[in-house]
Amino acid sequence: MTDLVTLAELGSPLVVIGGAAYVRHASPAAYWSTVGLPLSVARLLASYSSTMDACGLTVEPPRWRALAVRATTRREVRPVPPRRGIIRPTSTGLRMRLRLVPGQEPADVAASAERLRHAWGVQSVHVRDVKPGVVELRLVGFDVLRKVRMPRRSDSRPLQVPVALREDATAFVRDYRTVPHELVLGATLSGKSMYLRNLVTGLASQPVVLVGIDCKRGVELAPFAPRLSALATDPDQAAELLPVLVKEMEDRYDLIKVRQGLAPGTAEELITSDIWGLPEDERPAPLVLVIDEVAELFMVATRKEEERRDEMVTQLIRLAQLGRAAGIYLEVCGQRFGAELGKGATMLRAQLTGRVCHRVNDEASAKMALGDIAPEAVQASCAIAPELPGLAVVGETSGGWSRIRTPYISLADAAATCRATAHLAPDVPALNPFRPYVPPPPVAGPDSVAAARPVTE
């Protein structure tokens, strides 16, 4: 009897430990809220001063303070850590502000982020500069990129689409007003299509003209046809569509010049305003051009195709250089995009400010996307595992970079969203010849009243 009681007493802690381990694997958010959060807060409060000292984030106290300590107590004067603010728990981690001591800068705290992560037992530590002398530490308790759940609160401003989740548990927002053109690279099955689905479905609910060029016979963009104002499915159609877009851009510049009172012959490069300065009733709708597999526009086999390629590349470069002020934005996707594609490829890539690099097959492809704006991100993009589709590295023009991952959305759901928002597509008469054909939905016929044929021997 005594042995049975002992086994029962030992079994209860084992059940609790096993249950906690299962919850940590199956539902990291629930584990963090119940177990991880209290433990991390306890570690932080108990070891804050010693951790800051070990990380080299403490400084000698002011002379007046040292004299006061020696005069009132016999304690040893210890270095002073940054003053800690209130700890604010979140559903994915903690937030805490630090007031830096004189002589410190945010880079000093960012350099110790990996040490702080291990000391406080969290997944990652991110540092954000709030104002001079104050930084915010965002502690993430678990791997939020393993199972993506977008934040509930997101800005719904025009031309802003939350398309992915950052590794610091904040939303990665594709803002066309800030970053007008973007390059998205990645190998097959790396997650480019999922990125495009989230982007198109986010733009579908806004009054934005969506134009697609998909030289894979439209297999990627054709499901979004009800919401597209124009679609080219091969290089020949793209060669006809691009001049129309350039003409649309020039017409918008003429509209701006008329509003500003400029002479009709003024060159576009000399106009510093854009369509957002026009009255709302006169402002044309913004236009987003999505290009899937851009390399197909550069591939040529004959001299005639080479001439067509040069014309298309020239028109794309014009749209990238001058399109922002006219409200025309580019989203260029491909597996590789370098000088080997031909004349104009490097010049076009230089105009694409935003960079998103999914898993690639070689380091050279990663350098094409990130090498010129965030060299440190090249190795991070090469380390993406094939088992994590949708994981990517986004580079910023300031030199920073971060990991992101897009949430899963099925093609059927994305197509349904485009069908439901088809009425929001702005009317652009110049694009009507390129509007994709959308078959009417099947009409359910009346139930048949014919009797079944009898079964005969």
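In this chain, numbering begins with 1 at the start of the sequence shown.
- A distance-only check finds no donor-acceptor pair linking the side chain of R84 to the backbone of R99 [under 3.5 Å].
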*Can L45 and I87 be said to form a side chain to side chain contact (heavy atoms under 4.5 Å, CB included), step by step?*
CA-CA 10 Å; L45 295 176; I87 299 176; 3.9 Å; yes

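- Using a 4.0 Å cut-off between a side-chain N of Lys or Arg and a carboxylate O of Asp or Glu, K247 and E250 do not qualify as a salt bridge.
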*Before giving the answer on side chain to side chain contact (heavy atoms under 4.5 Å, CB included), spell out for E182 and Y329 the whole-Å C-alpha distance, their side-chain angles and the decisive distance to 0.1 Å.*
CA-CA 9 Å; E182 186 177 65; Y329 309 98; over 6 Å; no

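- Two residues are said to be in side-chain contact when any heavy atoms from C-beta on lie closer than 4.5 Å; M52 and V101 fail this criterion.
- Atom CZ in R308 sits 8.5 Å away from atom CG in L297 (nearest 0.5 Å).
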*Given side chain to side chain contact (heavy atoms under 4.5 Å, CB included), test L245 with L287 step by step and report yes or no.*
CA-CA 9 Å; L245 295 178; L287 188 151; 4.1 Å; yes

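- Under the 3.5 Å distance criterion, the side-chain polar atoms of H358 are left unmatched by any main-chain donor or acceptor of S190.
- Taken to the nearest 0.5 Å, the CG atom of L241 stands 11.0 Å off from the CE atom of M312.
- Shortest non-hydrogen contact noted between A325 and I256 is O-CD1, 4.0 Å.
- When side chains are defined from C-beta on, L289 counts as touching L242, because their heavy atoms get closer than 4.5 Å.
- Going from atom CG of D168 over to atom CZ of R128 covers 9.5 Å, rounded to the nearest 0.5 Å.
- Closest non-hydrogen pair, M150 versus L165, comes out as SD-N, 3.9 Å.
- For the atom pair CD (Q123) and CD (E167), the distance works out to 9.0 Å, reported to the nearest 0.5 Å.
- Using a distance-only test at 3.5 Å, with no hydrogens or angles considered, a donor-acceptor pair links the side chain of S410 to the main chain of D413.
- The side-chain contact (heavy atoms from CB on, under 4.5 Å) test with S124 singles out one residue from V140, L116, V144, and that residue is V140.
- The main-chain N or O of G395 is never found under 3.5 Å from a side-chain atom of R355 such that the two would form a donor-acceptor pair.
- Of all the heavy atoms in L228 and R435, the pair that sits closest is O-NH1, 3.7 Å.
- Side-chain atoms of R359 come within 3.5 Å of backbone N or O of T188 as a donor-acceptor pair.
- Of the possible donor and acceptor atoms, none in the side chain of T51 sits under 3.5 Å from a partner among the backbone N and O of Y48.
- Side-chain atoms of Q104 come within 3.5 Å of backbone atoms of L57 as a donor-acceptor pair (strictly under, hydrogens ignored).
- Minimum heavy-atom separation, W276 to P286: CH2-CG, 4.1 Å.
- The side-chain heavy atoms of L94 and V122, taken from C-beta on, include no pair separated by under 4.5 Å.
- L44 is listed as a side-chain neighbour of L139, based on a closest heavy-atom distance under 4.5 Å.
- Stacking of R174 on the aromatic ring of F172 is not recorded, the 6.0 Å distance cut-off and the 45° axial limit not both being met.
- Side-chain contact between V313 and F298: present, with at least one pair of heavy atoms (C-beta onward) separated by less than 4.5 Å.
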*asked:* Run the salt bridge (Lys or Arg N to Asp or Glu O under 4.0 Å) test on E114 and R117 for me, step by step, so that the C-alpha distance in whole Å, both residues' side-chain angles and the decisive distance to 0.1 Å come before the verdict.
replied: CA-CA 5 Å; E114 190 67 15; R117 178 178 81 87; 2.8 Å; yes

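- For R88 and E136, the salt-bridge test fails: no basic side-chain N is under 4.0 Å from an acidic carboxylate O.
- Distance alone, capped at 3.5 Å, is enough to place a donor-acceptor pair between the T201 side chain and the R197 backbone.
- With contacts defined as side-chain heavy-atom distances shorter than 4.5 Å, the pair E363/C382 qualifies.
- The local environment of CG in L411 is crowded, with over 12 non-hydrogen atoms from other residues, nucleotides or ligands closer than 6.0 Å.
- Among all heavy-atom pairs drawn from W32 and P38, the shortest one is O-CD, 4.3 Å.
- Counting only distance, with no hydrogens or angles, the side chain of H126 and the backbone of R138 share no donor-acceptor pair below 3.5 Å.
- The side-chain heavy atoms of H181 and V332, taken from C-beta on, include no pair separated by under 4.5 Å.
- Atoms CD and CE, from Q315 and M249 in turn, are 10.0 Å apart once rounded to the nearest 0.5 Å.
- Salt-bridge annotation for R336 and D362: present, with a side-chain N of the basic residue lying under 4.0 Å from a carboxylate O of the acidic one.
- Residue-environment remark: NZ (K216) exceeds the threshold of 12 foreign heavy atoms within 6.0 Å.
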*Evaluate the side chain to side chain contact (heavy atoms under 4.5 Å, CB included) criterion for residues F434 and Q237: first the C-alpha distance (whole Å), next the side-chain angles of each, then the deciding distance (0.1 Å), finally the verdict.*
CA-CA 9 Å; F434 304 94; Q237 295 180 5; 5.8 Å; no

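- Considering SG of C357 and CZ of R403, their distance stands at 12.0 Å, rounded to 0.5 Å.
- Closest approach of V184 and K192 over heavy atoms only: O-CD, 4.0 Å.
- Under the 3.5 Å distance criterion, the side-chain polar atoms of D214 are matched with a main-chain donor or acceptor of V219.
- A 4.5 Å side-chain heavy-atom check between V428 and E248 finds at least one atom pair inside the cut-off.
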